Amino acid sequence: GAGVSQSPSNKVTEKGKDVELRCDPISGHTALYWYRQRLGQGLEFLIYFQGNSAPDKSGLPSDRFSAERTGESVSTLTIQRTQQEDSAVYLCAGGSRSYNEQFFGPGTRLTVL
Amino acid sequence: GDSVTQMEGPVTLSEEAFLTINCTYTATGYPSLFWYVQYPGEGLQLLLKATKADDKGSNKGFEATYRKETTSFHLEKGSVQVSDSAVYFCALSDPLKGAQKLVFGQGTRLTINP
């Protein structure tokens, strides 16, 4: 595809359920980032993958959050036992290590009831 | 840690007005600075960037100059258009920290009236 894609675009879930969000980066982008954007706020860094290196998980807000990436392809962000404060837009971005720009997907809007 | 503070919105202007959106940063290293824009219904996209002091980033009539002495990266445009209505985010990353994760300001919603 031409850009970063994310699915689903919208997700409504009940408190306590698990959710899985998907990101398909641009081919060749070795770096992949997840961010969270709460209503009316800036983006918060969650996690970063670079090639086969250990991910930087320093932004994950709790152990309910986890993410995986296989090689330089698809990534999934999993939120277990969702809480209402998890409601946000979750954005994925990709980039190359040598080029100082990130390309963002359209995001997944998560609503926890 | 590193942080970005930008002008609170919303900002409403008339077409052809002059625009300034203030952005200041705090960083321990030598960050790169960015402005990202989010048009209604679209994803976040890079508007302009500057990687070292006194650099000027420019795109689509927008400009911002990296001012190390004032730790600022204010966004300016001389004559705004209705199509510039969007949310603007100032951000930084530190290339020396490896991850190059972006640290964002809270965003400024700009509305341009015809």
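Everything numeric here is computed off the predicted structure, so don't read it as measured data. Proteins get letters first, then strands, A, B, ... in listed order; numbering begins at 1 in each.
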* To do: Output yes when Lys49(B) and Asp55(B) qualify as a salt bridge under the 4.0 Å nitrogen-oxygen rule, no when they do not.
  => no

* Quick one: what part of Gln38(B) sits under 4.5 Å from any heavy atom of chain A, side chain, backbone, both or neither? -> side chain

* Under 4.5 Å from any heavy atom of chain B - which part of Gln6(A) -> neither

* Arg81(A)/Asp18(A) salt bridge by N-O under 4.0 Å criterion -> no

* Under 3.5 Å, is there a donor-acceptor pair linking the side chains of Tyr36(B) and Glu101(A)? -> no

* Contact origin within Phe49(A) toward chain B - heavy atom pairs under 4.5 Å -> neither

* Hey, could you give me each pair passing disulfide (SG to SG under 2.5 Å) that has a residue in residues 11-92 of chain A? Not counting sequence neighbours. => Cys23(A)-Cys92(A)

